[in-house]
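Since we're looking at a predicted model, the values are computed, not measured. Values below: every heavy atom of this structure, side chains too, minus hydrogens, waters and symmetry copies.
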Amino acid sequence: MSKETFSASRSWHAPVADPVARARIDLAAALRWAAKLGFGEGICNHFSLALPGGDRYLINPFGVHWAEMRASHLLMLDRDGRIVEGAGEVEATAFHIHSRLHHAHDRATAVLHTHMPHATALTLIEGGRLAMAHQNALRFWDAIAYDDDYNGLALAQDEGDRLAASLGQARILFLANHGVVTVGPNLAEAFDDLYYLERAAELQVLALSTGRPLKLVADEVARRTAADFARDRPAYAHAHFESIKRLLDAEDPSYRD
């Protein structure tokens, strides 16, 4: 895809100069689109986004459905979980998971946690792993960590720290009997990973439903393909995210409010 194509894919809205306002709009857009994709679960699951400076982050508040999320709904928290901007409350498990991932990993600017069905289904299988069996999965070669020990609800800081340690150097974390987390240096890349992770898992679950064995891709081919994906991943991810905002703008731009 050419650079000209990426340039043409920008939203028709005028750029938002204020970085906090821009972050609010983008995070609300991600939550709205994730709801449309069926990634959410009731009023549970959370997306968070660290703000410039790294000592504050945005997160969706308790009780607001992803499908109705607006930029103004988002809470701004400090590193200790105190609300410094916004009305509402933060759900306890969200704070303990997201705050500790942001704290432990500088690269975790965006932290997206879902119980999206097909990826989560793999966490329910003994030794469940994303198989390198489809092109969508190959982008995650050597990028996934697995926490194989469900330890109950994350209601304490030490559980958040345990999950942050389990992530290690990966950008994807599968949580046994629970769900998945993607982290990224920006929201667009973390969301792009979330989307393709679910697509890869969906195809794997569908293929396994035939009762036939998976046809795995050779390690060397998987490694080379992952490197090919990595070269253009930021540009494609940002183009993907801008297209999402254009679709939302055409359908219901209230997420920007």
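Closest non-hydrogen pair, L167 versus A145, comes out as O-CB, 3.6 Å. For the residue pair W141 and A222, the shortest heavy atom distance occurs at CE3-CB, 3.6 Å. Smallest separation of non-hydrogen atoms from G179 and T120: CA-OG1, 3.6 Å. Nearest heavy atom pair, residue G38 against residue P117, reads O-CD, 3.7 Å. When all heavy atoms of G63 and I43 are compared, the pair lying nearest together is CA-CD1, 3.8 Å. The shortest non-hydrogen separation linking A201 to L122 is CB-CD1, 4.0 Å.
A distance-only check finds a donor-acceptor pair linking the side chain of E198 to the backbone of A119 [under 3.5 Å]. Of the possible donor and acceptor atoms, one in the side chain of D78 sits under 3.5 Å from a partner among the backbone N and O of D80. Here the side chain of D232 pairs no donor or acceptor atom with the backbone of A235 at under 3.5 angstrom. Remark: side-chain polar atoms of E159 are not paired, donor with acceptor, to backbone N or O of L153 under 3.5 angstrom. Remark: side-chain polar atoms of Q204 are paired, donor with acceptor, to backbone N or O of A131 under 3.5 angstrom. Between the side chain of R22 and the backbone N or O of A17 there is at least one donor-acceptor pair closer than 3.5 Å.
Partners of H102 according to the ring-ring contact (aromatic ring centres under 6.0 Å, His included) rule, which considers only residues two or more places apart in sequence or in another chain, are Y57.
At least one side-chain heavy atom of H238 sits under 4.5 Å from a side-chain heavy atom of N186. H46 places none of its side-chain heavy atoms less than 4.5 Å from the side chain of V90. At least one side-chain heavy atom of N60 sits less than 4.5 Å from a side-chain heavy atom of L74. With contacts defined as side-chain heavy-atom distances shorter than 4.5 Å, the pair R24/M76 qualifies. Between V181 and I172, every side-chain heavy-atom pair lies at or beyond the 4.5 Å cut-off. For the pair V84/L77, no side-chain contact is recorded, criterion being any heavy-atom separation below 4.5 Å from C-beta on. The side-chain heavy atoms of D149 and D147, taken from C-beta on, include a pair separated by under 4.5 Å.
You'll find the ring centres of H105 and H103 outside the 6.0 Å limit.
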- Full working for salt bridge (charged side-chain N to carboxylate O under 4.0 Å, His left out) between R139 and D192: CA-CA 11 Å; R139 65 180 61 226; D192 196 60; 3.7 Å; yes
- Trace of the ring pair (Phe, Tyr, Trp, His ring centres under 6.0 Å) decision for H113 with H115: CA-CA 7 Å; H113 170 48; H115 300 169; 5.2 Å; yes
- Could you walk me through whether E251 and R32 pass the salt bridge (charged side-chain N to carboxylate O under 4.0 Å, His left out) check? CA-CA 11 Å; E251 179 181 294; R32 287 276 187 107; over 6 Å; no
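Atom-to-atom distance recorded for Y146:OH and L175:CG is 12.0 Å, nearest 0.5 angstrom. Here CZ of F39 is found 7.0 Å from OG1 of T114. Values are rounded to the nearest 0.5 Å. Separation of atoms CG (L194) and OG1 (T182) is listed at 4.5 Å; rounding is to 0.5 Å. Taken from CD1 in I125 to CG in L208, the straight-line distance is 6.5 Å, to the nearest 0.5 Å. Rounding to the nearest 0.5 Å places CD of E41 at 10.0 Å from NE2 of H65. The line from CD1 of I144 to CG of L197 is 6.0 Å long, rounded to the nearest 0.5 Å.
In the displayed structure, R223 atom CZ is contacted under 6.0 Å by more than 12 heavy atoms of other residues, nucleotides or ligands. Around CD of Q169, the count of heavy atoms belonging to other residues, nucleotides or ligands within 6.0 Å does not exceed 12. No more than 12 heavy atoms of other residues, nucleotides or ligands lie within 6.0 Å of CG in D106, so this atom counts as exposed by the packing criterion.
Placement of Y195 and V205 within a single hydrophobic cluster is found when ILVMFWY residues are connected by side-chain heavy-atom separations under 4.5 Å, directly or transitively. The cluster map of Ile, Leu, Val, Met, Phe, Trp and Tyr, joined by side-chain heavy atoms under 4.5 Å apart, puts L214 and Y196 in different clusters. Follow the hydrophobic side-chain contacts under 4.5 Å out from I25 and you reach F241 in the same cluster. Residue L203 is not grouped with residue F174 when hydrophobic side chains (ILVMFWY) are merged at heavy-atom distances under 4.5 angstrom, including chains of intermediate members. Note: the hydrophobic cluster containing M116 also contains M69 (ILVMFWY, side chain heavy atoms under 4.5 Å, direct or indirect links).
The residues R129 and D148 are annotated as salt-bridged, a charged nitrogen and a carboxylate oxygen being separated by less than 4.0 angstrom. The pair D158-R100 does not count as a salt bridge, with every side-chain nitrogen at least 4.0 angstrom from each carboxylate oxygen.
Remark: of the listed residues F47, W33, Y255, F47 is the sole one forming a ring pair (Phe, Tyr, Trp, His ring centres under 6.0 Å) with W66.
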